[in-house]
Amino acid sequence: MRWLLLALLCSASVAFGQGIESIMAPGKVIEGHAKVEDDCKQCHVKFDRKAQDGLCTTCHKDVGADVRNKAGFHGRLNDPTCRNCHTDHKGRGARIVELDKKKFDHAKTDFALKGKHDKTECEKCHVAGKRYREAALECNACHKKDDVHKASLGVKCGDCHTESNWKEARFDHEATKFPLKGKHVDVKCTDCHKNNNYKETPRNCYACHRGIDDKKGHKGTYGEKCESCHNDKQWKPSTFNHDADTKYALRGKHQKVVCKDCHTGNLYRDKTSQECYACHKKDDKHKDSLGKNCAACHTEKSWKDIPRFDHDTSAFPLMGKHARAECKDCHKSQLFKEAPKDCYSCHSREDKHKQNLGKACGDCHNEQDWKSTGDRFKHERTRFPLRNAHALPLVKCSACHKNLESYRSTPLDCLSCHKKDDKHQGQVGGKCESCHTDKSWKETSFDHGLSRFPLTGRHVGAACKGCHETLRYKDAPSDCVSCHKKEDKHKQKLGARCESCHNARAWAIWSFDHDTKTKYKLEGAHRKATCESCHTVVAPKGKEVAPVGSTCISCHRSDDVHEGMFGARCEQCHRVENWKNFKNRIGLAPKPEVRGNGVGRAPLQEGGLWVS
């Protein structure tokens with residue numbers, strides 16, 4: 001009888017688990033919903049009919065997207081409640097979408113019917129086997145056979161054609177890359193567009209006006225850019241202005257030169273050089289010694305009329321003592337262009353630094369007097385500007401620069417000069433400027449927030465020597481227990497990570513949420529228990545606490561008056577609020593001991609309990 005009773009209880013439990021909703025269902029759902037028929041919550045929300053629409057759009061994502069974006073038929077409905085049009089539980093073969101094609105308002109879709117589309121049968125656009133929403137929206141999808149342009153103009157038929165009449169085209173030539181101007185307005189379309197091939201029609205003048213060019217004698221020698229001289233208002237006369245339309249204005253004797261004297265090849269295909277030397281090479285008496293910049297001395301008025309050469313307009317203006325130097329002192333030959341412009345080429349024998357400072361002598365020396373550097377040299381322009389205590393005359397040059405040959409190799413780091421002042425014994429590195437300044441070595445500033453141990457709470461007011469016993473700052477530990485070991489009332493039973501509970505504001509202010517930070521939620525009488533009640537041993541090194549079992553018997557073995565007879569699952573009978581407050585157990589009781597025959601207690605079954 002006990003086994004029968006248990007079977008009945010299990011059967012009733014399973015039936016109740018299916019839910020009363022499935023028992024009271026009004027009928028079978030359609031074939032498409034059959035897989036969720038037994039799971040009512042997939043389509044229904046208890047006591048909330050409006051929430052059903054959200055479940056519908058969760059499965060029907062494309063419809064849901066239309067409703068959210070207010071697009072498509074469903075997105076334009078005044079009331080997009082699903083059950084207004086669709087119902088279910090009418091059987092597997094029922095149709096829950098009834099579409100009246102005659103009353104359907106196509107204007108609420110993404111494709112309003114205009115012109116002749118209004119009289120087109122639905123089947124012309126909506127192909128069998130595809131959903132209505134999958135019908136193509138582009139003209140070319142239906143009118144590809146009507147495209148006499150053979151796709152040369154793309155697929156945007158609506159740019160020219162309308163829904164009223166396919167053959168009645170409207171086209172604004174001004175919107176193209178070739179707006180019609182001048183005499184082009186009166187030209188027939190077929191004169192330029194051959195065989196309806198609009199896309200590949202050339203836009204350059206020469207393509208249409210090549211015949212005129214051949215008759216007038218250019219024969220292509222002036223290139224194909226007819227618009228450089230002609231315009232669309234009238235072909236004659238030429239409007240070319242050499243001074244305004246080119247980068248080479250005709251001056252002096254160049255104004256009387258015939259075009260073909262300079263433009264010997266194809267006018268535009270072969271670029272004409274603008275350098276004097278290109279035409280006047282035969283007139284160069286210097287044999288290239290002065291380069292090809294003839295205009296530096298010669299003018300367009302007369303090749304032989306040479307004005308006095310102004311050296312100040314060259315790349316090397318003569319200043320100071322250079323103005324009194326003779327040409328031959330720098331120009332050793334008639335190849336004037338090859339004369340060096342750097343100081344070192346002439347003054348290398350006067351370099352006392354032996355190239356340690358490079359060859360830019362002009363950074364310090366001037367043309368007035370080689371030995372006087374004057375105010376040219378600015379230490380601020382170097383990688384080490386002199387400021388505060390480093391500034392002259394507080395520090396002499398010789399204090400850092402040992403001789404004239406060591407200026408550039410002088411070290412820039414603080415430690416190279418201040419190593420004797422380093423009380424940290426090199427432990428904090430060589431960037432002394434992180435704490436010290438060039439105003440005073442003893443005045444320091446250090447932002448502890450940039451270190452590995454930012455100061456917060458009561459640490460802010462703590463004296464440095466409280467943690468740093470010596471100037472070897474990095475020797476100071478960063479863990480809590482190193483400084484607060486005497487304040488650890490747990491005697492290391494909760495590990496060394498004090499910050500898990502305590503904070504820097506005050507040691508006595510602590511907080512630890514056992515429910516969220518551990519896998520063992522404290523309930524009932526466990527909330528009043530002290531930490532040491534369960535964590536009784538010192539935590540292993542590197543861990544917060546020693547491992548503690550999660551079963552009741554781990555802590556309550558001494559409270560087990562049953563001596564293990566009921567197994568380790570104490571929670572089946574006892575409550576966490578009170579150990580002595582038992583739960584009511586139906587049909588379950590401990591198996592009695594077998595006595596009188598010398599056999600001990602029988603083993604436990606089914607999780608530590610006997611089935612009565």
Inset, instruction - Look at the rings of H574 and F582 and say which category their plane angle falls in: under 30° parallel, 30 to 60° tilted, over 60° perpendicular. - result: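 Rings of H574 and F582: tilted, 30 to 60°.
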Query raised in the report: Between H514 and F512, what is the ring plane arrangement, given parallel below 30°, perpendicular above 60°, and tilted in between?
Result: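 Geometry flag for F512 against H514: perpendicular rings.
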Verify the neighbour count for atom [atom1] of [X]: are there more than 12 heavy atoms of other residues, nucleotides or ligands below 6.0 Å?
| X | atom1 | result |
| --- | --- | --- |
| K517 | NZ | yes |
| W579 | CH2 | yes |
| K108 | NZ | yes |
| R505 | CZ | no |

Go through K46 and H44 one step at a time and tell me if the side-chain contact (heavy atoms from CB on, under 4.5 Å) criterion holds. CA-CA 6 Å; K46 293 180 181 179; H44 302 281; over 6 Å; no
Please report the interatomic distance [atom1]([X]) to [atom2]([Y]), rounded to the nearest 0.5 Å.
| X | Y | atom1 | atom2 | value |
| --- | --- | --- | --- | --- |
| C498 | H490 | SG | NE2 | 8.0 Å |
| L494 | E532 | CG | CD | 5.5 Å |
| C417 | K419 | SG | NZ | 12.5 Å |
| H484 | D479 | NE2 | CG | 10.0 Å |
| E563 | D560 | CD | CG | 8.0 Å |
| M319 | D312 | CE | CG | 8.5 Å |

Given 3.5 Å as the limit, does a donor-acceptor pair link the side chain of [X] with the main chain of [Y], or not?
| X | Y | answer |
| --- | --- | --- |
| H535 | V548 | no |
| D53 | T81 | no |
| H448 | F453 | yes |
| T57 | G54 | yes |
| R575 | Q572 | no |
| H424 | L471 | yes |

**Request:** Would you check, one step at a time, whether the test side-chain contact (heavy atoms from CB on, under 4.5 Å) holds for H526 with Y520?
**Result:** CA-CA 10 Å; H526 288 160; Y520 192 85; 3.3 Å; yes
Considering non-hydrogen atoms only, spot the tightest contact between [X] and [Y] and give its length.
| X | Y | value |
| --- | --- | --- |
| A476 | H468 | CB-ND1, 3.4 Å |
| G362 | C343 | N-SG, 3.9 Å |
| P80 | L77 | CD-O, 4.1 Å |
| F384 | L412 | CE1-O, 3.5 Å |
| A389 | K439 | CB-O, 3.9 Å |
| A315 | K341 | CB-CD, 3.8 Å |

Q.
Could you work out, with side-chain hydrogen bond (donor to acceptor under 3.5 Å, both in side chains) as the rule, every residue matching T530, not counting sequence neighbours?
A.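 Per chain and number, T530 pairs via side-chain hydrogen bond (donor to acceptor under 3.5 Å, both in side chains) with S533.
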Taking only Lys NZ, Arg NE, NH1 and NH2, and the carboxylate oxygens of Asp or Glu, determine whether [X] and [Y] approach each other closer than 4.0 Å.
| X | Y | result |
| --- | --- | --- |
| D48 | K50 | no |
| D110 | R76 | yes |
| E37 | R92 | yes |

For residues R83 and R49, determine if any side-chain heavy atom of one lies less than 4.5 Å from a side-chain heavy atom of the other.
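Side-chain contact under 4.5 Å: yes.
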Exercise for review: Report the residue from H33, H89, K90 that forms a side-chain contact (heavy atoms from CB on, under 4.5 Å) with I96.
Suggested key: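 When side-chain contact (heavy atoms from CB on, under 4.5 Å) is applied between I96 and each of H33, H89, K90, only H33 qualifies.
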> Does the side chain of H379 come under 3.5 Å of the side chain of T382 through a donor N or O and an acceptor N or O?
Replying inline: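 Looking only at side-chain atoms, T382 and H379 do form a donor-acceptor pair, the distance falling under 3.5 Å.
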- Residues two or more places apart in sequence or in another chain: which of them pass salt bridge (Lys or Arg N to Asp or Glu O under 4.0 Å) with R527?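 Scan of R527 (salt bridge (Lys or Arg N to Asp or Glu O under 4.0 Å), adjacent residues dropped) gives D515.
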Check: Please walk me through it: do Q52 and V45 pass side-chain contact (heavy atoms from CB on, under 4.5 Å)?
Finding: CA-CA 6 Å; Q52 182 176 351; V45 179; 6.0 Å; no
**Asked** Going through the checks in order, is the side-chain contact (heavy atoms from CB on, under 4.5 Å) test met by D79 and N84?
**Response** CA-CA 8 Å; D79 183 9; N84 290 346; 3.0 Å; yes
Please list every donor-acceptor pair under 3.5 Å in which a side-chain atom of residues 60-68 meets a protein atom from a residue at least two apart or in another chain.
| unit_1 | atom_1 | unit_2 | atom_2 | d |
| --- | --- | --- | --- | --- |
| K61 | NZ | T58 | O | 3.2 |
| D62 | OD2 | R131 | NH1 | 2.8 |
| D62 | OD2 | R131 | NH2 | 3.2 |
| D66 | OD1 | R133 | NH2 | 3.4 |
| D66 | OD2 | R133 | NH1 | 2.9 |
| D66 | OD2 | R133 | NH2 | 2.8 |

